[in-house]
Amino acid sequence: MNRSTANHAPDGEIPEVPEQPVAERSVPERTAPREPFDRRLARAVQRVTASALGPYQTAIIRIGFSLTWLLFLLRELPHRHELYGPDGPWSWEMGRQLISENSAFTALMWSDSGLWFEIVYGLAVLSSALLLVGWRTRAMSVVFMVGVLSLQNRSVFMGDGGDNVIHLAAIYLVLTRCAQVWSLDARRAAREEREAAEAGEAGEAGEAGAGLPHRRDVVGPLLWTVLGGFLLAATSFADVTGSAWLLVLMWVLWLGQALWWLVCRYAPGEPRTLLDVLANLAHNATLVVIMAEVCLIYATAGWYKIQGSRWQDGTALYYPLKLDYFTPWPALSDLLGSSGVMVMLLTYGTVLVQVAFPFALFNRKVKNVLLVAMMLEHAGIAVILGLPLFSLAMISADAVFLPTAFLVWLGVRVGRGRDRLLRRRRSGAVPEQDRTGEEPVPRTLVG
C-alpha cells in the first residue's frame, strides 16, 4: 500500500510535493507569412537594376580571354603574314569575296597593304594587353573586339575551336562592366573616391585652403575622340567592312559613352542614376547570355558525342592519341592509350560531364564538382593533345560559374604572392606595413 509523502514528513514541516512532469503538447507551428509576389518581384528588380552582378566572374572572364588572345598573337607573331596577312594562302581577294557573301566584319578589307595589316595586328596586341590589366576597359574592349573580328574573319580556317569562343566573348565583353575589380580602372576609381572623401572631411573641418582640386580626366575624352575618328572611317568603308549591325553597335557604344561623360560632368544626379540602371541591365543580361552560351556549348557537344559509335563503345579518346598532330608528348600519349580501362573511363566521363553540367546548375555542390572536372579535362587536353590556347579559352568561359568566395580568396592569394615577389626584388627596402606594425591589406590582382 503506497503512502503519500505527507505521512513521512516530520511534525511541523510542510512536505514538499514533487513536481509532476508536464506532458508535451503539440503546439501547431506558426509559419511566417509568405511574402507577396509583388514584393519579391520588386526586390528582384531592384537587385538587377541597382548593381552589376558577378563582378569577380566578369573580371576573370576579361582576364582569361584577353590573356588567351594575347598569347596566341604573340605565339604567331613570326607567322602572322602567313596566317592573316598578305602572304597567306587565303588571299586578300578571296577574303573580299567571302566577306561580300557572309557580311562578316573585318577592318583588314579596307586596304591590302602590308602597313595597314601591321597596324591592325599591333592594335590587336596592344588592346589585349591593356584589357588584361583593365586600363580604360570600356574603350579597350571595343578595340579588342575589332581586333579579334578583323583577324579571325580575314582567314576563317585558322583556329582550333577556341577561336569561336573568343569570337563570341569579344562581342559580349563590350556590354559588361568587367572592370569593377582586378583592374587599373577600379584602382583609379578607388583612389579618386578616397581623395574626394578626404577633401570633403577637410572641408567640413573648415581648414583654410583644404580640399583637393577636382582631377579632370583628359585621357578618356581624347581616347574616345580618336576612336570616333576610326568609327567614321569604318562607316565610310561600310560596303567592304562587313556587318552593318556591328557598326550600329559601335555607334551606340560611342554615343552612349559620350552621353555618360556629359551626364557625369554636368548632371550627376538622377540622369546619372538612370544611366547606371541601364548599364547594370545590359551587364546582367549579357552575363546571363554568357552562362547560357557555355551551357549550350557543353550540351551540344555532349549530345553529339552520344550519337557517335566510337563514343558509345568507349574508344573515341584512343584515336586522337595516335595522331602525330595531337601528340606533343608521344610517350605520355602511348602510356595513356595503352590502358583500355583508362581510355574507356575518360571517354564516358567526358560525355557524362558535358551532358550533365547544364542540369547540375540547380545544385551548387554538384555544379562545383563538375566544374572542377571540366577544368581538369581542359588542362589535360592542353598537355596531352597540345591545345593550350583552346583549353585556356574554355577554362576562361567556365570561370563564369566559379563561386565568388573562391575568386575573392584567389585574388587575395595572388596579391600576397605578388607582394612577396616585389619584396624580394627590393634591396634593403622595408615595406610600410612592417615599419608601422600594421597588418597587410588584401589586394587585388593588379593593385
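All of these numbers come straight from a predicted model, not from anything done at the bench.
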> Could you tell me whether the side chain of L98 reaches within less than 4.5 Å of the side chain of M94, counting heavy atoms only?
no
> Working note: T235 + W251, criterion side chain to side chain donor-acceptor pair (under 3.5 Å); need CA distance, chi angles, decisive distance, verdict.
CA-CA 9 Å; T235 306; W251 272 114; 2.9 Å; yes
> Please identify each residue that fulfils side-chain contact (heavy atoms from CB on, under 4.5 Å) with L41, with sequence neighbours left out.
F37, V45
> Between R96 (side chain) and M109 (backbone), is there a donor-acceptor pair under 3.5 Å?
no
> If we only count heavy atoms from C-beta on, is the M394 to V165 side-chain gap below 4.5 Å?
yes
> With a 4.0 Å cut-off on N to O distance, would you call D276 and R272 a salt bridge?
yes
> Does the side chain of P221 come within less than 4.5 Å of W261's, by heavy atoms?
yes
> Please list all pairs meeting salt bridge (charged side-chain N to carboxylate O under 4.0 Å, His left out) that have one or both residues in residues 323-345, counting only residues at least two apart or in different chains.
K322-D334
> D185 and T137: side chain to side chain donor-acceptor pair (under 3.5 Å), yes or no, with the steps?
CA-CA 7 Å; D185 289 346; T137 309; 2.8 Å; yes
> Is any side-chain heavy atom of S141 closer than 4.5 Å to a side-chain heavy atom of L131?
yes
> Which value, rounded to the nearest 0.5 Å, describes the distance between L130 atom CG and S66 atom OG?
10.0 Å
> Can you tell me which residue pairs pass the side-chain hydrogen bond (donor to acceptor under 3.5 Å, both in side chains) test with a partner in residues 288-299, sequence neighbours excluded?
Y172-E293, Y298-H378, Y298-D398
> Within the 4.5 Å heavy-atom criterion, are I384 and S333 side-chain neighbours or not?
yes
> Just wondering, are more than 12 heavy atoms of other shown residues or ligands nearer than 6.0 Å to CE in M342?
no
> Can you pull the side-chain hydrogen bond (donor to acceptor under 3.5 Å, both in side chains) pairs that have at least one residue in residues 104-124, sequence neighbours excluded?
R80-E118, H81-E118, W110-T241, S111-S113
> Enumerate, atom names and distances included, each donor-acceptor pair closer than 3.5 Å involving a side-chain atom of residues 399-408, sequence neighbours excluded.
from : atom 1 : to  : atom 2 : distance (Å)
T404 : OG1    : Q57 : NE2    : 3.1

> For W92 and L108: C-alpha separation, side-chain torsions, deciding distance, then whether side chain to side chain contact (heavy atoms under 4.5 Å, CB included) applies.
CA-CA 9 Å; W92 187 81; L108 290 176; 5.5 Å; no
> Quick one, W182 and I60 - any side-chain contact, counting heavy atoms below 4.5 Å?
yes
> Checking S100 now: which residues fulfil side-chain contact (heavy atoms from CB on, under 4.5 Å) with it, not counting sequence neighbours?
none
> Run the numbers on M158 and D163 for side chain to side chain contact (heavy atoms under 4.5 Å, CB included), then give the verdict.
CA-CA 8 Å; M158 302 298 174; D163 57 321; over 6 Å; no
> Check whether any side-chain heavy atom of F144 lies under 4.5 Å from a side-chain heavy atom of W69, and answer yes or no.
yes
> Within this structure, what is the CG-CZ distance for the pair L168 and F65, rounded to the nearest 0.5 Å?
9.0 Å
> Calculate, to the nearest 0.5 Å, the distance between atoms OG and CG belonging to S396 and L67 respectively.
7.5 Å
> Any salt bridge (charged side-chain N to carboxylate O under 4.0 Å, His left out) involving residues 337-360? Give me the pairs, sequence neighbours left out, ordered by first then second residue.
none
> Kindly check if the number of other-residue, nucleotide or ligand heavy atoms within 6.0 Å of CH2 (W329) is above 12?
no
> Under the rule for side-chain contact (heavy atoms from CB on, under 4.5 Å), what residues qualify as partners of V226, not counting sequence neighbours?
F230
> I'd like to check I166 versus L389 (side-chain heavy atoms, cut-off strictly below 4.5 Å). Are they in contact?
no
> Does anything in residues 132-156 form a salt bridge (charged side-chain N to carboxylate O under 4.0 Å, His left out)? List the pairs, not counting sequence neighbours.
R136-D217
> Taking atom CH2 of W224 as the centre, report whether more than 12 heavy atoms of other residues, nucleotides or ligands fall under 6.0 Å from it.
yes
> With sequence neighbours left out, write down each residue that passes side-chain contact (heavy atoms from CB on, under 4.5 Å) with D313, or none if nothing qualifies.
R310, T315
> With rounding to the nearest 0.5 angstrom, report the CD1 to CG distance, I119 to L115.
4.0 Å
> What do the steps show when you test V219 against L222 for side chain to side chain contact (heavy atoms under 4.5 Å, CB included), and what is the final call?
CA-CA 5 Å; V219 179; L222 179 61; 5.8 Å; no
> Rounded to the nearest 0.5 Å, how far apart are OG1 of T49 and CG of L278?
10.0 Å
> Rounded at 0.5 Å granularity, tell me how far CG in L346 sits from CG in L317.
5.5 Å
> Which pairs, with at least one residue in residues 338-354 and sequence neighbours excluded, count as a side-chain hydrogen bond (donor to acceptor under 3.5 Å, both in side chains)?
K305-Q354
> Quick test of your reading: applying salt bridge (charged side-chain N to carboxylate O under 4.0 Å, His left out), list the pairs with at least one residue in residues 346-358, sequence neighbours left out, ordered by first then second residue.
none
> Would you check, one step at a time, whether the test side chain to side chain contact (heavy atoms under 4.5 Å, CB included) holds for S51 with L53?
CA-CA 6 Å; S51 62; L53 304 177; 3.8 Å; yes
